[in-house]
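Owing to the predicted nature of the structure, the values given are computational and were not obtained by experimental measurement. Both backbone and side-chain heavy atoms feed into the values below; hydrogens, waters and symmetry mates do not. First listed ligand is number 1; within each ligand, the first listed atom is number 1.
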Amino acid sequence: MSRPSILVTRRWPVAVEAALSERFDVTLNKADIALDTGQLREALRAYDAVLPTVSDKLPAALFEDEAIRTKILGNFGVGFNHIDIAAARAKGIVITNTPGVLTDCTADIAMLLLLSVARRGGEGERELRAGAWTGWRPTHLVGTKVTGKTVGIIGFGRIGRAFAQRCHFGFGMDVVFHNRSAIDPMEAARYGAMQLQTVEDVLAASDFVSLHCPGGAENRHLMNAARFAAMKPSAFLINTARGDVVDEAALISALEHGTIRGAGLDVYEAEPNVPERLSAMDNVVLLPHLGSATEETRTAMGMKVVDNITAFFAGREPPDRVA
Ligand code: DGY
């Protein structure tokens, strides 16, 4: 029997590409250039499985095609708001993701952003590399103390909890959070955290606000002009979730007008485009979507996809099916 044909849309860690090649008839993207809409449409017509990631946009229109052959989208990543899930499901396509294995690394990046923006690490590095450092002085690049402050978390899933744990037990911070469903207070206490009723309650209480909810329609522009106005003027926003959770234009305006003090961002509304007005600001730390970018995690993510599609083609339920 011929092996299922698989398209991997980007370069993946070597060990994962090797594992895929052992089991399937695999086409790799050696050039690692993101596929355009036409190429993705062709891929859905030509392969039994397509393994996309966050840089692949798969809107409803791509699934309105009688010639689709693909039976499973094995997404590389936990977030899947780049795929129109309802349209894919309507075509009978199964979708899987890679939860669990990127929790710690994404929480670490949120902490890196929090520390960098509060302590002005990016500004300091830029100054030093530019040869502009003139020496120690009491008023030089004075930032905001982190230890003992209050952090507000929006979305108390795996990554929100891991971040809470770091903030509370690592930095002695008070942790409050908003989550759509109620979390058992005893469970929240394991992470040193306390649930508040509304997003606004969290914003009003927090010196740092960190987003850990999914992207997509339900949370689109959750952080808008009114919500920035509800934050303390001395507070910082951290986003390692998805760009569309934040109204980027409203964020830029809030930063420019001093409505909030700063932001640490790993994700953007129109990646890889980052508005110039954001890059021009010193009170902003910008990373290029690095949340899960460690050797260990990227390999583990890929191996999860291998497990998911292996189960699917063996007629078993994929362990990480989302639709
Ligand atoms: C994820 O897993 O969602 C990462 O952000 C990469 O897509």
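Residue contact annotation: Leu102 has a non-hydrogen atom under 4.0 Å from ligand 1.
With ligand atoms numbered from 1 in the order given, ligand 1 contributes 1 (C), 2 (O), 3 (O) to contacts under 4.0 Å with heavy atoms of Gly79. Heavy-atom contacts of Val54 reach the following atoms of ligand 1: 7 (O) (cutoff under 4.0 Å).
Side-chain contact between Met303 and Val16: present, with at least one pair of heavy atoms (C-beta onward) separated by less than 4.5 Å. You'll find the side chain of Val176 reaches within 4.5 Å of the side chain of Ser206, heavy atoms only.
The protein non-hydrogen atom at the shortest distance from atom 7 (O) of ligand 1 is Arg242 NH2, 3.2 Å. Looking only at heavy atoms of the protein, atom 2 (O) of ligand 1 is closest to Val78 N, 2.6 Å. Of all protein heavy atoms, the one lying nearest to atom 5 (O) of ligand 1 is His289 NE2, 2.7 Å.
Between Leu51 and the choices Leu7, Asp56, Ile6, the side-chain contact (heavy atoms from CB on, under 4.5 Å) rule is met once, by Ile6. No option in Leu211, Val209, Leu113 other than Leu211 meets the side-chain contact (heavy atoms from CB on, under 4.5 Å) test with Asn239.
Under the 4.5 Å side-chain heavy-atom criterion for ILVMFWY residues, a single connected hydrophobic cluster contains both Val175 and Ile238.
Using modelled atom types, one side-chain atom of Thr98 and one backbone atom of Gly77 make a donor-acceptor pair closer than 3.5 Å.
By the 3.5 Å distance cut-off applied to N or O atoms, Gly77 is not counted among the residues near ligand 1.
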